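Below: one structure, written as structure tokens.
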Amino acid sequence: MADRKDKAPGREGPDAAALRGNGGELHQTEAAPERRLTTNHGVPIGDNQNSLKGGARGPSLLEDFILREKIQHFDHERIPERIVHARGSAAHGFFELTQSLDGFTRAKILTEVGEKTEVFVRFSTVAGGAGSVDTPRDVRGFAVKFYTKEGNWDLVGNDIPVFFIQDAIKFPDLIHAVKMEADRGYPQAASAHDTFWDLIGLMPESTHMVMWAMSDRGIPRSLRMIEGFGVNTFRLLNDRDEAVFVKFHWRPKLGLQSTCWDEAVKIAGADPDYHRRDLYEAIAAGDFPEWEFGVQIVTAEEADALPFDILDATKLIPEELVPIRFIGRLVLDRNPDNFFAETEQVAFLPTNMPPGIDVSEDPLLQGRLFSYQDTQLSRLGTVNFHQLPINRAKGCPFQNFQRDGHMQTAVPTGRANYEPNSLASEGEIGGPREDPAGGFRTFGLALDGPKTRLRPESFADHYSQARMFYRSQTAIEQAHIASAIVFELSKVTLAAVRLRMIANLRNVDEDLATRVAKGLNVELPEASEPAAPPQDMAPSPALRIIGKYPPSLKGRTVAILVTDGADGAIVEEVRHAVESAGGSVKIVAPRIGGVTLANGALLPADGQLAGSPSVLFDAVALIVSESGCAELVKDSAAVDFVQDAFVHLKAIGHVPAAAALLDKAGVTADELILDVTKSGKDFATAAATRQWDREPQVRSLA
Ligand code: HDE
């Protein structure tokens, strides 16, 4: 111990000096002010490696304001996470109007063709916490903040066009039921548990939304491949304050694509950030996701003639009945610079609407008009959250007499902080004034009737659209819905809850109820008594995923599994074919250092086999040598790689030398199992789709 003498502060060893990057010199040239590390209050910091101590081995001193400030700031780094939609991923971009809605609305964002408006878009899962995974079965939030010239417009939507409940007063019950159970704190990010299905069975209005959530829409492949919906009915108001109802839609340029359930589960382990990474990497690579923006416009008379109530958020307007007009596009072209400052602190408010857009009386929307502003007060902690850079109105000035409050960052000048005032005449700045012509106006809806807590009779039909949704699906998609419900109800421990759900499903479709009962191995119970008799609506093919968009490799990724001795020319041919079709290629190899090809060249790897399972890719090609294949058949990661690609219905390209591996993985020949030595192009075409016909071979469906 004798050698442990106190040394000069900050000079106790070569490591600290090296860390400081100053060669250990105590008095060196001063850093330029703009490069200096400082405290929050601007005091330059001389040593960021050592706390202040009473002697080199002595206790730390309370006096050390640098240490205290740093630790204290760190201790308070977290803010409460969102009560719903806690896990999100976001990007900047722009919205461009391609067709004017002049005549319907006076909102400039919807009438000035060619105008580009900055946007910030946040996608989210609903049930899981901020640290949960990206691929559980869930609804995805699709919230868009348009920084318009007339104030921010927040279109806070989802990837499913309807909702679980008709009235906002049920929202806390719904969310309590779906989140982790109150006593045990699990399951995280999952609806497959007793409390969720207990409430759903008791609340038949949720049945339509449940059909969507249990469909493949609930397990998307990518946030770039989801549709978006405003869900609630809004109004457009023109110059004369005449109103029409409107529903908002987003349609992905890359088409809709989902995962298989088994795949979604495995992705959650292989890459919990699968969607976040996919969005970030696509934008970083310049492959900007894009959506078309559409509206369904309905007059009050047309709304009255619909066989459901347009104010009921558990109903959609089939686009075969009211076509969507596509009037703009959304492009996401810039990743956030800072996750917390932007993605976390962004605050969306359905009350943010420019003049010319207005709300409807949808009782779900009416509750939302209160909730979002309110939640920001506890989440962001101040009424001044609108001053955060990500929330600040950018397209226009904002000015009013709201003053003070926690974390006020503005410094208003002048004596007047009230309106009206006459101080302008004294040479003071009198401040902003209301603008009856250009300002926000509300639709002058005539109200009548007594105050009441009644649910309107027109909201009573809970099953017709659930039936329409189910019957509009392809046979494959129907099987997936039935299987998903069987899976979820199999996690329900209360037998009565399972039976109640099947009793409700009998009002949707007998075939569905029978499949679910069979899948659970229970007798079909009596159908429950519906509040209104379900009607047979015409099927709406637009509600399907399969066949709705043309197959495409754009935005998709193909993995090429290679080994030492692989044929580099074939690798390049496949790469070329995939890239020509708009896809991208990742090389997966047994070791991250890559492989030595047959011609002696080194092919670097993008991923190591065990860490790059095929669930992360849209199709795979096995370009291996005989000897490489002999090694792979002994490696479960390789066998799983091929077997998973097969059972997840993906195209598998291969060279003849991969035969033993295909065999070991139980791969049987079909249309998407292709010899890439014959044609790389055929493989690229096959890779753009999934082999649905293979499914009955590899999975028992309900
Ligand atoms: Fe939300 N919702 N919600 N919601 N919602 C929130 O606001 C709420 C509903 C949606 O990326 C919260 O800032 C109520 C429908 C998205 O930051 C909260 C009701 C739709 C996001 C809230 C609904 C949505 C939220 C939590 C029933 C589709 C994430 C944090 C009346 C149209 C926004 C926050 C983001 C977030 C309340 C129903 C979409 C608590 C009371 C319907 C995309 O205010």
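Numbers for residues simply follow the sequence, beginning at 1. Computed from a predicted structure; not experimentally measured. In listed order, ligands and their atoms are each counted from 1.
- Of the candidates Phe248, Phe120, Phe348, Phe440, Phe248 is the only one forming a ring-ring contact (aromatic ring centres under 6.0 Å, His included) with Trp153.
- Residue contact check for ligand 1: Gly230 places a non-hydrogen atom closer than 4.0 Å to it.
- Ligand 1 has no nitrogen or oxygen under 3.5 angstrom from a nitrogen or oxygen of Asn232.
- Proximity of Gln376 to ligand 1 is established by a heavy-atom distance of less than 4.0 Å.
- Seen from the ring of Phe308, Lys315 does not count as a face-on cation partner, given the 6.0 Å and 45° thresholds.
- Within the structure, every pair that satisfies the salt bridge (charged side-chain N to carboxylate O under 4.0 Å, His left out) test and touches residues 122-136, not counting sequence neighbours, is listed here: Arg87-Asp134.
- Taking Asn152 as the reference, nothing meets the side chain to side chain donor-acceptor pair (under 3.5 Å) condition, with sequence neighbours excluded.
- With waters left out, the protein N, O or S atoms under 2.8 Å from atom 1 (Fe) of ligand 1 add up to 1.
- Between Val126, Leu364, Leu155, it is Leu364 that holds the heavy atom closest to atom 31 (C) of ligand 1.
- The nearest non-hydrogen atom to atom 43 (C) of ligand 1, considering only Pro80, Gly157, Ser124, comes from Gly157.
- Every residue two or more places apart in sequence or in another chain was checked for a side chain to side chain donor-acceptor pair (under 3.5 Å) with Trp250, and none qualifies.
- Outside the 6.0 Å centre-distance limit, the rings of Phe326 and Phe293 are not counted as a close aromatic pair.
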